[in-house]
Amino acid sequence: MTTPNTPAPRLRFAPSPTGYLHVGGARTALFNWLWARKTGGTFLLRIEDTDKARSTDESTRAIFEGLTWLGLDWDEEVVFQGANLERHRRDADRLLASGYAYRDFTTAEELDRLRKDAEARGETFTFDRRLAELHPDELERRLERGDPYTIRFRVPEGTTEWHDLVHGRIAFPNKDIDDFIVLRSDRTPIYNHAVVSDDIAMGITLVMRGDDHISNTPKQILLYEALGEPIPDFAHIPMIHGMDGKKLSKRRGAVAVGDYQHMGILPSAMRNFLALLGWSPGDDVEVMSQAEMITRFSGEGLLKKAAVFDLKKLEWMNGQHMMLTPIAELEAYLRPFVLQAGLATEAQLTERHSWWLQLLELLRVRARTVTDLVRQAQPYFADALTYDEAAVAKHWKDAPATAGHLDSVATTLETTEWDATAMETALRTLAEARGIGTGKLFQPLRVALTGMAESPGIFDVLVLLGRDTSLGRIRAAVNRLGGVP
RNA sequence: GGCGGUAUCGUCUAGGGGACUAGGACACAGCCCUCUCAAGGCUGGAACACGGGUUCGAAUCCCGUUACCGCUACCA
């Protein structure tokens with residue numbers, strides 16, 4: 001947990017395009033981005049598409065879209081790992097030439113058999129370097145014959161250690177590291193080799209990634225040393241778990257950032273929430289804007305413990321951001337959702353812009369998600385009301401009496417100025433005159449106006465709906481209730 | 001199995017030897033506000049995994065145990 005060793009570090013996020021952008025990956029990207037933006041460093045994106053069988057263009061697109069949605073912009077061109085195959089091979093051959101690696105003609109089948117045998121004996125299989133040792137004549141013969149071989153790294157004696165920026169010193173005795181394969185027999189690189197080769201080529205000075213890579217790190221450091229390259233800083237951040245404490249999975253809720261987008265979570269809230277999973281600003285501040293986050297971010301606040309993803313808290317956070325986001329910005333984000341729900345057309349929203357903003361102001365404090373807000377906005381756009389059964393059952397219980405109350409409300413309102421204060425005075429007077437509590441008048445009215453039991457203040461609703469619609473709805477309610485007795 | 005990492009309320013976390021009868025937030029319960037729902041305010045229950053040390057003194061340092069996670073592939 002110290003400061004990086006260069007004033008302007010180069011960092012990267014390196015996902016493999018084998019699915020959607022996972023929230024864990026998104027959080028890794030966020031921390032890399034935050035660090036780069038905080039320090040004036042560079043944030044790069046590398047798509048690790050070497051696993052052709054599992055990589056898809058669609059996944060690559062999903063990663064771009066997810067990052068863009070979150071507002072995580074990357075610098076320079078995107079690097080596609082698959083395009084660097086030649087360099088991966090060259091680096092492996094360099095290792096071979098310098099003696100840091102050797103050819104191994106053992107076939108996958110043989111290896112498999114050896115492993116099974118060891119297992120049967122109750123032993124742990126470790127690759128014995130002598131297996132690959134060949135007489136020079138034999139080696140030449142095999143080479144001439146074109147026998148396939150892998151290139152294995154010759155792990156030296158000693159200990160490999162580094163000062164992890166979040167964990168402090170971590171050390172691995174080299175004897176626990178097998179001579180690992182660097183280049184497969186088809187001359188494609190193995191993960192650790194491709195990563196190191198690319199990170200070197202990209203000039204990465206700080207590798208920040210999930211702590212599931214801790215045990216890969218010594219192998220990578222060995223590779224840097226063998227290649228004669230400077231070793232970058234490493235920062236291993238904790239994983240994100242599901243509510244059951246296990247790894248986040250599709251089975252137990254949404255894992256793709258796109259899922260949260262569709263749920264109506266704001267990017268700023270998602271970013272804020274994710275940042276607080278594995279990082280703490282050090283004080284009690286929770287809700288932060290993007291600028292505040294960058295200001296407050298520091299490697300010191302990076303935590304070691306895996307965090308559990310709590311949807312309830314995300315929703316609360318989203319509610320906070322719904323309230324705090326500048327109204328114009330919120331409106332712009334909301335617009336597509338409103339259009340998609342069929343509440344209004346683009347033209348209508350533009351035409352009634354200030355009315356729409358007023359509605360938004362009233363709904364934003366009572367909605368936790370964008371989709372929730374759209375649902376609540378429905379009665380203000382729809383021509384025909386749909387009545388919520390529970391609301392009707394609760395507030396329109398006594399039909400004749402309710403019809404009477406609502407009829408008197410309509411009559412009163414017809415001669416009242418269409419102004420919130422004026423209407424409030426009039427209706428409160430009316431309730432008193434009829435000898436009932438205001439709730440007995442306002443609640444049935446709310447159902448008549450919105451079809452729902454919850455809404456903004458009833459006088460705001462009247463103003464928002466306007467005179468004609470309001471009176472029309474009240475009359476319709478009276479009819480629906482069987483008319484005035 | 002071996003190696004590595006982690007361990008404070010249900011959850012996110014503050015805490016880095018005495019300020020801790022352990023603070024904040026989400027969630028939960030109650031109250032206030034109130035035309036409803038939110039928002040907001042107040043109150044409450046709720047945690048230092050266990051065992052040894054070190055020390056005058058440990059949530060904080062060390063060791064062990066346990067639990068969880070990761071790596072241990074010609075996966076990434």
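The analysis underlying the following values was restricted to heavy atoms, covering all of them including side chains, and did not include hydrogens, waters or symmetry mates. Throughout, protein chains are lettered first and strands after them, A, B, ... in sequence-line order, and every chain is numbered starting at 1. Keep in mind that this is a model prediction, so the values were computed, not measured.
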Engineer: Figure out the CD1/P separation between A/I170 and B/G70, and round it to whole Å.
Structural biologist: 16 Å
Engineer: When you compare B/A73 with B/G15, how far apart are their C1' atoms, in angstrom units rounded to a whole number?
Structural biologist: 43 Å
Engineer: When you compare B/C37 with B/A76, how far apart are their C1' atoms, in angstrom units rounded to a whole number?
Structural biologist: 48 Å
Engineer: Base, sugar-phosphate alone, or nothing: which one does A/Y191 contact when heavy atoms must sit under 4.0 Å apart?
Structural biologist: base
Engineer: Take the protein atom CG of A/N216 and the nucleotide atom P of B/A73, then report the distance between them rounded to whole Å.
Structural biologist: 12 Å
Engineer: For the P atoms, the ones on B/A19 and on B/U36, what distance do you get once it is rounded to whole angstrom?
Structural biologist: 46 Å
Engineer: Determine which pairs satisfy salt bridge (charged side-chain N to carboxylate O under 4.0 Å, His left out) with at least one residue from residues 268-285 of chain A, sequence neighbours left out, and list them in order.
Structural biologist: A/D283-A/R296
Engineer: Between B/U65 and B/A7, how far is it from one C1' atom to the other, in whole Å?
Structural biologist: 13 Å
Engineer: Using both distances under 3.5 Å as the test, list the Watson-Crick or G-U wobble partner of B/A22, or none.
Structural biologist: none
Engineer: If the plane angle is over 60° it's perpendicular, under 30° parallel, otherwise tilted; pick one for A/F127 and A/F125.
Structural biologist: perpendicular
Engineer: Assign A/A431 to base, sugar-phosphate, or nothing according to its heavy-atom contacts below 4.0 angstrom with the strands shown.
Structural biologist: nothing
Engineer: Can you measure A/L311 atom CG to B/C12 atom P for me and round it to whole angstrom units?
Structural biologist: 14 Å
Engineer: Could you check which residues of residues 104-123 of chain A get a heavy atom under 4.0 Å from RNA chain B? Sort them by number, please.
Structural biologist: A/T106, A/T107, A/A108, A/L111, A/R115
Engineer: Do nucleotides 21-37 of chain B as a string where each nucleotide becomes B, S or -: B if the base has a protein heavy atom under 4.0 Å, S if just the sugar-phosphate does, - if no protein is that close.
Structural biologist: --BBBSS-------BBB
Engineer: Return the pairing partner of B/U65 with a 3.5 Å limit on both distances, Watson-Crick or G-U wobble; otherwise return none.
Structural biologist: B/A49
Engineer: Measure from the side-chain heavy atoms of A/H213 and tell me the nearest of B/A38, B/G5, B/A76.
Structural biologist: B/A76
Engineer: Indicate the atoms forming the closest heavy-atom contact of A/L385 with A/V447, along with that distance.
Structural biologist: CD1-O, 4.3 Å
Engineer: Once the angle between the rings of A/Y260 and A/F309 is folded into 0 to 90°, is it parallel (under 30°), tilted (30 to 60°) or perpendicular (over 60°)?
Structural biologist: tilted
Engineer: So which nucleotide does B/G44 pair with, by the Watson-Crick or G-U wobble rule with both distances under 3.5 Å?
Structural biologist: B/C28
Engineer: How is A/T150 classified with respect to the nucleic acid when contacts are heavy atoms under 4.0 Å: base, sugar-phosphate, or nothing?
Structural biologist: base
Engineer: Taking OP1 and OP2 of B/U6, is either one under 4.0 Å from a side-chain nitrogen or oxygen of A/K305?
Structural biologist: no
Engineer: Taking the P atom of each, how far is B/G4 from B/C62, in whole Å?
Structural biologist: 16 Å
Engineer: Checking all strands, does A/G437 fall into the base, sugar-phosphate, or nothing category for heavy-atom contacts under 4.0 angstrom?
Structural biologist: nothing
Engineer: Which one is paired to B/G2, where only Watson-Crick or G-U wobble pairs with both distances under 3.5 angstrom count?
Structural biologist: B/C71
Engineer: Give the rounded distance in Å between these two atoms: CD1 of A/I181 and P of B/C74.
Structural biologist: 4 Å
Engineer: Using purine N1 to pyrimidine N3 plus N6-O4 or O6-N4 for Watson-Crick, or N1-O2 and O6-N3 for G-U wobble, both under 3.5 Å, which nucleotide pairs with B/G17?
Structural biologist: none
Engineer: Side chain of A/S59, backbone of A/S55: donor and acceptor closer than 3.5 Å?
Structural biologist: no
Engineer: Answer with base, sugar-phosphate or nothing: what part of the nucleic acid does A/M317 contact at a heavy-atom distance below 4.0 Å?
Structural biologist: nothing
Engineer: Is the distance between the ring centroids of A/W279 and A/F31 less than 6.0 Å?
Structural biologist: no
Engineer: Using modelled atom types and a 3.5 Å cut-off, is there a donor and acceptor pairing between side-chain atoms of A/T150 and backbone atoms of A/R152?
Structural biologist: no
Engineer: Using only atom types and a distance under 3.5 Å, with no angle test, would you say the side chain of A/R113 pairs donor to acceptor with the backbone of A/A108?
Structural biologist: no
Engineer: Between A/R364 (side chain) and A/M322 (backbone), is there a donor-acceptor pair under 3.5 Å?
Structural biologist: yes
Engineer: Taking atom P in both B/A49 and B/A59, compute the distance separating them and give it to the nearest angstrom.
Structural biologist: 10 Å
Engineer: Which value, in whole Å, describes the distance between the C1' atoms of nucleotides B/A22 and B/A46?
Structural biologist: 13 Å
Engineer: Classify the ring geometry of A/F459 against A/F442: parallel below 30°, tilted from 30° to 60°, perpendicular beyond 60°.
Structural biologist: perpendicular
Engineer: Round to the nearest Å and state the distance from A/I221 atom CD1 to B/G4 atom P.
Structural biologist: 15 Å
Engineer: Taking the nucleotide of RNA chain B with the nearest heavy atom to each, does A/T188 or A/P238 sit closer to the 5' end?
Structural biologist: A/P238
Engineer: Measuring to OP1 and OP2 of B/U6, would you say a side-chain N or O of A/H167 lies under 4.0 angstrom away?
Structural biologist: yes
Engineer: Assert yes or no for the condition that the ring centre distance of A/H213 to A/Y191 is strictly below 6.0 Å.
Structural biologist: yes
Engineer: Classify the nucleic acid contact of A/S280 as base, sugar-phosphate or nothing, counting any heavy atom under 4.0 Å across all strands shown.
Structural biologist: sugar-phosphate
Engineer: Please work out if A/G278 contacts a base, only the sugar-phosphate, or nothing of the nucleic acid, heavy-atom cut-off 4.0 Å.
Structural biologist: sugar-phosphate
Engineer: So which nucleotide does B/C33 pair with, by the Watson-Crick or G-U wobble rule with both distances under 3.5 Å?
Structural biologist: none
Engineer: Whole angstrom is fine here: how far is it from CG in A/D179 over to C1' in B/A73?
Structural biologist: 15 Å
Engineer: Could you work out the separation of B/G10 and B/U72 based on their P atoms and round it to a whole Å?
Structural biologist: 34 Å
Engineer: May I ask which nucleotide in the shown strands pairs with B/A59, Watson-Crick or G-U wobble, both distances under 3.5 Å?
Structural biologist: none
Engineer: Just compare B/G4, B/U13, B/C74 and give me whichever is closest to any side-chain atom of A/A307.
Structural biologist: B/U13
Engineer: Given atom CG of A/N192 and atom P of B/C74, what is their separation to the nearest angstrom?
Structural biologist: 12 Å
Engineer: How many whole angstroms separate atom CD of A/E300 from atom C1' of B/G15?
Structural biologist: 16 Å
Engineer: Under the 3.5 angstrom rule, does the side chain of A/N318 hit a backbone N or O of A/G264 as a donor-acceptor pair?
Structural biologist: yes
Engineer: Can you tell me whether the side chain of A/S185 and the base of B/C74 have a donor-acceptor pair closer than 3.5 Å?
Structural biologist: yes
Engineer: What about A/W356 and A/Y380, are their ring centers closer than 6.0 Å?
Structural biologist: no
